[in-house]
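All values derive from a computational prediction rather than experimental measurement.
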Amino acid sequence: MNEAERYEALRHCRYVDEVIRDAPWTLTPEFLEKHKVLILPRSLSSRIRESSVSTAYTQISPKTLLISERGMFVPTQRTEGISTSDIITRIVRDYDVYARRNLQRGYTAKELNVSFINEKKYRFQNQVDKMKEKVKNVEEKSKEFVNRVEEKSHDLIQKWEEKSREFIGNFLELFGPDGA
């Protein structure tokens with residue numbers, strides 16, 4: 001996400017009334033009064049403090065004491081089961097899938113910041129996947145065809161056996177010891 005998208009995502013959080021763009025890193029009482037800031041939620045995570053979204057927050061400094069004394073600073077707790085490291089790991093792990101999918105959707109390698117060689121690799125992988133899917137479809141259709149042929153052959157064999165019995169019965173009736 002670029003900075004504008006991050007601001008927009010934060011703005012849609014149900015606990016956020018307003019996001020102040022390009023807020024200074026260290027907040028002064030004048031800044032807080034000018035923008036009528038009532039509460040400053042602040043994660044204690046250094047990763048959040050380092051992100052560009054953190055410009056909407058304050059850093060822990062002597063100024064924080066003033067904010068805390070005024071009852072404006074509310075530290076937030078870590079959400080159990082949500083880990084920034086896990087999210088980053090998933091992003092890195094799934095990047096190839098993301099890039100391949102977006103190349104298929106029509107994005108350029110330049111837009112995705114993908115090298116020429118990786119672009120060719122991803123496009124080749126997409127072609128291999130398409131071929132695998134076609135082979136799978138042909139295999140399924142072949143199995144269906146074989147099943148239909150088996151069913152038909154069983155039906156034909158049963159009909160042949162019935163006709164054979166009928167023919168033999170008629171023959172014996174006609175030419176058997178009791179027949180003419």
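Summarising the local packing, CG of Asp17 is surrounded by 12 or fewer heavy atoms from other residues, nucleotides or ligands at distances under 6.0 Å.
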Item to check | Intermediate values then yes/no, side chain to side chain contact (heavy atoms under 4.5 Å, CB included), Lys130 and Gln104 | outcome: CA-CA 11 Å; Lys130 283 181 186 177; Gln104 282 181 317; 4.3 Å; yes

Next on the checklist: The test is salt bridge (charged side-chain N to carboxylate O under 4.0 Å, His left out); show your working for Glu8 and Arg11 and say whether it passes.
Outcome noted: CA-CA 5 Å; Glu8 193 62 19; Arg11 189 177 73 78; 2.6 Å; yes

Checklist entry - Step by step, would you call Val128 with Lys132 a side chain to side chain contact (heavy atoms under 4.5 Å, CB included)? => result CA-CA 6 Å; Val128 167; Lys132 283 181 182 178; 3.9 Å; yes

Item to check | Audit row: Thr108, Leu103, side chain to side chain contact (heavy atoms under 4.5 Å, CB included) steps and yes/no | outcome: CA-CA 6 Å; Thr108 66; Leu103 282 171; over 6 Å; no

Checklist entry - Could you go step by step and tell me if Gln125 and Lys121 meet the side chain to side chain contact (heavy atoms under 4.5 Å, CB included) rule? => result CA-CA 6 Å; Gln125 287 172 331; Lys121 178 180 95 174; 4.1 Å; yes

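When every heavy atom of Tyr95 is checked against every heavy atom of Val114, the shortest pair comes out as OH-CG2, 3.6 Å. Between Ile20 and Tyr7 the shortest heavy-atom distance is O-CE2, 4.2 Å. The nearest pair of heavy atoms linking Tyr107 to Arg123 is O-NH2, 4.3 Å.
When each of Glu139, Lys134, Glu140 is paired with Asn137, the side-chain contact (heavy atoms from CB on, under 4.5 Å) condition holds for Glu140 and for no other.
Placement of Leu174 and Phe171 within a single hydrophobic cluster is found when ILVMFWY residues are connected by side-chain heavy-atom separations under 4.5 Å, directly or transitively.
Note that CD of Glu173 is 6.0 Å distant from CG of Asn170, once rounded to the nearest 0.5 Å.
Looking only at side-chain heavy atoms (C-beta outward), Glu119 and Leu112 stay at 4.5 Å or farther from each other.
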